[in-house]
Undergrad: 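Just dropping this structure here.
Chain letters run A, B, ... following the sequence lines, proteins first, then strands; residues in each count from 1.
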Amino acid sequence: MDASDILHSLNQAQEAAVTTQSHHALVLAGAGTGKTRVLTQRICWLITTGQAQPHQIFAVTFTNKAAAEMRHRIETTLNGRNMKGMWIGTFHGISHWLLRQHWELAELPETFQILDQEEQLRWIKQLLKKLKLDDKIWLPAQLQTFINHQKEQGLRAQALEVSSDDRWLTRKLAIYAEYEADCKSRGMVDFAELLLRAYEILQQTQLQQHYQHRFRYLLVDEFQDTNVIQYELIRLLSGVSSNLPSSLTDPKDPRSPDNYTFAVGDDDQSIYSWRGAKVANLEQYLRDFPNSQSYRLEQNYRSTQPILTVANELIAHNQQRLGKTLWTQSVNGSPVFLYDANDDKDEANFIAEKISAWPGRLQDIAILYRTTAQSRLLEETLRQKKLSYRVYGGARFYERAEIRDILAYLRLIAHSEDDAAFERIINTPRRSIGERTLEKIRSLARHHQVSLWQATQKFLRQEDNQSKTQKSLHNFTQLIKQLEQECSTLHLDQQIQKVLDTTKLKEHYDKEGVEEGQKRWENCAELVNAARDFQPLLIEDLAPQFSSQDSAGKAALLNFLAYTNLESDTSRSDPNADSIQLMTLHSAKGLEFSMVFICGLEQNLFPHANSLQEEKLEEERRLFYVGITRARQILYLCHCGRRRNYGRYEPAYPSRFLQEIPSALLEPIKFTFKTHYLRPYLPKLGQPVKHPQFGKGTVLDHEGTGEYTRLLVQFAEGQKWLMFAYTDLELL
DNA sequence: TTAACGCCTTTTTTT
DNA sequence: AAGGCGTTAA
């Protein structure tokens with residue numbers, strides 16, 4: 001493989017970008033124009049031409065999935081050439097790695113744990129309790145967003161100016177400060193903190209010089225979705241001077257190495273602004289990075305023209321865009337289909353039917369939806385029809401209750417100071433240790449400034465009456481100690497097996513019901529499997545180790561725990577299995593499939609009810625755009641007349657986005673029944689009716705009330721039961 | 001003091 | 001549908 005092999009498959013625009021000699025380059029690349037390709041070929045080109053050594057390469061993507069994909073592609077292209085020391089990962093991954101490597105400089109305990117979203121929320125709730133604040137007024141979820149948002153902007157609680165009139169903000173900042181202190185004293189780090197803390201330690205001249213020297217070539221995918229701190233992180237590593245407030249930067253930057261940067265992005269695919277991402281970073285980049293060159297890719301290689309036209313028409317409704325129009329050479333293609341389903345169940349069945357008729361591989365099919373809750377019914381339906389599927393995200397493996405229970409045990413075994421883990425399992429399975437006892441322990445811990453584990457020891461010593469609770473607590477501490485002993489000599493998977501065997505968790509799950517328990521138990525078994533071939537994601541030549549005085553078992557455990565929270569993407573199920581891919585539109589970004597279903601295209605679901613303001617609406621539209629452009633050949637858009645929400649059926653209306661696409665571009669699926677919206681009468685059962693198309697029939701049933709009543713009608717001719725809007729029928 | 005049951009509300013998207 | 005919360009039974 002030489003340089004010309006790498007270039008020959010590229011078009012002119014792509015080649016120009018790949019071979020740019022500019023120190024800083026920005027590639028604006030529409031969906032399917034070979035964005036990832038350009039990025040990987042750039043890396044391969046740099047290496048084969050001898051301009052770069054693998055260890056000088058630093059490539060960031062947004063998801064672990066995308067990173068794995070890129071690594072795989074590079075490996076294939078370089079074909080056996082050494083990739084040692086190349087960093088390909090996420091911003092969170094690299095930050096995490098830096099903090100593990102330099103935990104002392106970061107003022108963290110060596111065994112610091114990562115707080116995921118849910119744990120963070122719990123933490124905040126507890127904090128509010130501690131501060132005696134009403135969680136009806138200080139909404140935990142809102143505080144969580146507030147705190148994360150500050151961190152994403154690079155703002156520490158102390159660094160924020162307090163305008164004394166705004167008591168609301170003042171208070172929120174106080175809570176933020178308290179939260180920070182709490183995390184610090186417990187050695188907990190949330191997702192946003194990973195980035196911020198990594199950024200902060202890189203301020204230290206020595207580290208900065210080291211990493212600036214090491215990572216000579218910085219490449220960033222999905223640049224439109226970088227937030228302030230990620231942008232600054234890249235800038236810091238590149239050596240280009242920053243314009244953040246001076247508190248965060250080193251004023252006497254010794255020298256500017258000015259590394260090479262290569263950013264790839266598409267403003268039309270910016271879908272993470274709610275997470276602090278700034279599309280403006282694309283243009284900011286051109287201003288901040290000296291003599292940067294920009295490139296543009298508009299030829300699409302992925303989708304057929306009908307699909308592309310739909311995408312172009314839709315996205316044209318956005319005001320805020322840099323503007324580009326995708327085109328393709330493949331003119332022919334199936335039209336984009338539109339299916340108007342009766343209800344969510346009908347939608348799922350329709351999809352399953354279409355999939356059954358698909359001649360190709362299942363893994364080339366994706367079902368995309370706006371909210372994770374939508375996956376449940378789809379899964380159920382696919383299971384019924386014996387179609388194998390795989391769900392990304394959603395109730396992700398590491399987020400399932402049983403997995404978190406086991407992990408909590410492991411965490412407590414590895415590190416008894418882990419209060420979050422303690423809280424989770426102290427009464428799981430039930431040991432008759434209730435809220436009252438727990439509160440006593442908590443206050444003891446608070447009072448003595450120690451962990452819950454230590455407080456428990458104190459508590460046991462302090463009161464010597466052998467009450468039932470005391471005994472339970474004692475047994476619990478013994479259990480953990482015993483496990484710690486036994487695990488120190490075992491392999492990781494054996495350790496987990498041991499925990500499963502010793503803790504009576506099985507009986508606990510079985511109480512929920514036979515099926516539930518079985519499912520949970522299977523998941524537990526999967527975790528044991530996962531542990532067996534666990535390899536931490538590392539830069540090979542710089543693997544961080546946990547201190548060598550730990551036993552082998554413990555070191556393995558610590559490594560495993562350190563990586564589980566960030567690798568939720570690395571799904572457990574067999575990657576070789578041919579199965580349909582189910583995921584949210586957000587997680588579909590960067591992927592492509594031959595056949596795509598986008599479902600739930602309904603007002604208040606997509607666009608979501610919380611995103612109806614103009615600016616958010618544009619982001620929803622971009623999300624839809626991302627969804628459409630995932631499809632190579634076949635695209636189905638689905639919506640339904642009513643949908644189950646919070647367990648109740650509610651009427652649903654077609655998404656406004658569907659109206660934005662010229663109807664000539666959509667081919668409605670003709671089915672024997674269709675739904676419409678109705679007049680506010682209640683029909684009588686058995687009422688004879690007549691339909692202009694289907695003829696005479698009788699009302700068998702009706703659903704909904706008032707305006708949304710629908711009728712189930714049996715027709716004399718057809719054997720089908722049809723659901724109708726009242727307005728479509730003539731009463732006889 | 002804990003466990004269980006019924007009633008109530010629910011930020012959608014992810015690292 | 002599921003978690004949180006208050007009430008009640010043990």
Undergrad: Classify every nucleotide of nucleotides 1-9 of chain B by which part a protein heavy atom approaches to under 4.0 Å, writing B for the base, S for the sugar-phosphate alone and - for neither, in 5'-to-3' order.
TA: SSSS-----
Undergrad: Mind calculating the distance between CG (A/L605) and P (B/dT12) to the nearest angstrom?
TA: 11 Å
Undergrad: For A/L195 and B/dT15, what is the distance between atoms CG and C1' respectively, to the nearest whole Å?
TA: 8 Å
Undergrad: Measure CD1/A/I114 against P/B/dT14 and give the value in whole Å, please.
TA: 18 Å
Undergrad: Tell me: CD of A/E118 to P of B/dT12, nearest whole Å?
TA: 15 Å
Undergrad: So, A/H92 and B/dT15: ring centres less than 5.5 Å apart, planes less than 30° off, yes or no?
TA: no
Undergrad: Got a sec, which residues hit side chain to side chain contact (heavy atoms under 4.5 Å, CB included) with A/A277, two or more places apart in sequence or on another chain?
TA: A/D225, A/Y272
Undergrad: Measure CD/A/Q144 against P/B/dT15 and give the value in whole Å, please.
TA: 15 Å
Undergrad: Atom CD of A/Q120 and atom C1' of B/dT11: how far apart are they, to the nearest Å?
TA: 14 Å
Undergrad: Nearest-nucleotide wise, let me know which of A/Q142 and A/F191 is further upstream toward the 5' end of DNA chain B.
TA: A/Q142
Undergrad: Would you give me the side-chain donor-acceptor pairs under 3.5 Å for residues 608-617 of chain A, sequence neighbours excluded?
TA:
unit_1, atom_1, unit_2, atom_2, d
A/H608, ND1, A/N610, N, 3.1
A/S611, OG, A/E620, OE2, 3.3
A/K616, NZ, A/N610, O, 3.3

Undergrad: Just checking A/Y211 against A/H102, ring centres under 6.0 Å apart?
TA: yes
Undergrad: Only counting residues at least two apart or in another chain, list the ones meeting ring-ring contact (aromatic ring centres under 6.0 Å, His included) with A/Y636.
TA: A/F337, A/F350, A/F597
Undergrad: Contact class for A/Y272 (heavy atom, under 4.0 Å): base, sugar-phosphate, or nothing?
TA: sugar-phosphate
Undergrad: Below 4.0 angstrom from OP1 or OP2 of B/dT14, is there any side-chain N or O of A/S587?
TA: yes
Undergrad: For A/R171, which residues count as a salt bridge (charged side-chain N to carboxylate O under 4.0 Å, His left out) partner, sequence neighbours excluded?
TA: none
Undergrad: Using only modelled atom types and a 3.5 angstrom limit, is any donor from either the side chain of A/T63 or the base of B/dT15 paired with an acceptor on the other?
TA: no
Undergrad: With sequence neighbours excluded, what pairs up with A/R186 under the salt bridge (charged side-chain N to carboxylate O under 4.0 Å, His left out) test?
TA: A/D419
Undergrad: What is the distance, rounded to the nearest whole Å, between atom NE2 of A/H586 and atom C1' of B/dT11?
TA: 13 Å
Undergrad: Can you tell me if CD on A/Q518 sees more than 12 non-hydrogen neighbours from other groups inside 6.0 Å?
TA: no
Undergrad: What does the list of N/O pairs under 3.5 Å between the protein and nucleotides 1-3 of chain C look like, with a distance for each?
TA:
unit_1, atom_1, unit_2, atom_2, d
C/dA1, N6, A/Y646, O, 3.0

Undergrad: Apply salt bridge (charged side-chain N to carboxylate O under 4.0 Å, His left out) to A/R376 and list each qualifying residue two or more places apart in sequence or on a separate chain.
TA: none
Undergrad: Which whole-number value in Å describes the distance from A/L612 CG to B/dT12 P?
TA: 13 Å
Undergrad: Before you tell me yes or no, could you show the steps for A/R642 and A/D343 under salt bridge (charged side-chain N to carboxylate O under 4.0 Å, His left out), namely the whole-Å CA-CA distance, both residues' side-chain angles and the distance that decides it to 0.1 Å?
TA: CA-CA 5 Å; A/R642 53 167 209 169; A/D343 51 26; 3.4 Å; yes
Undergrad: Under 4.0 Å: is that the gap between some side-chain N or O of A/N610 and OP1 or OP2 of B/dT12?
TA: yes
Undergrad: Under 4.0 angstrom, heavy atoms only, what part of the nucleic acid is A/F62 near: base, sugar-phosphate, or nothing?
TA: sugar-phosphate
Undergrad: Under the rule for ring-ring contact (aromatic ring centres under 6.0 Å, His included), what residues qualify as partners of A/Y369, not counting sequence neighbours?
TA: none
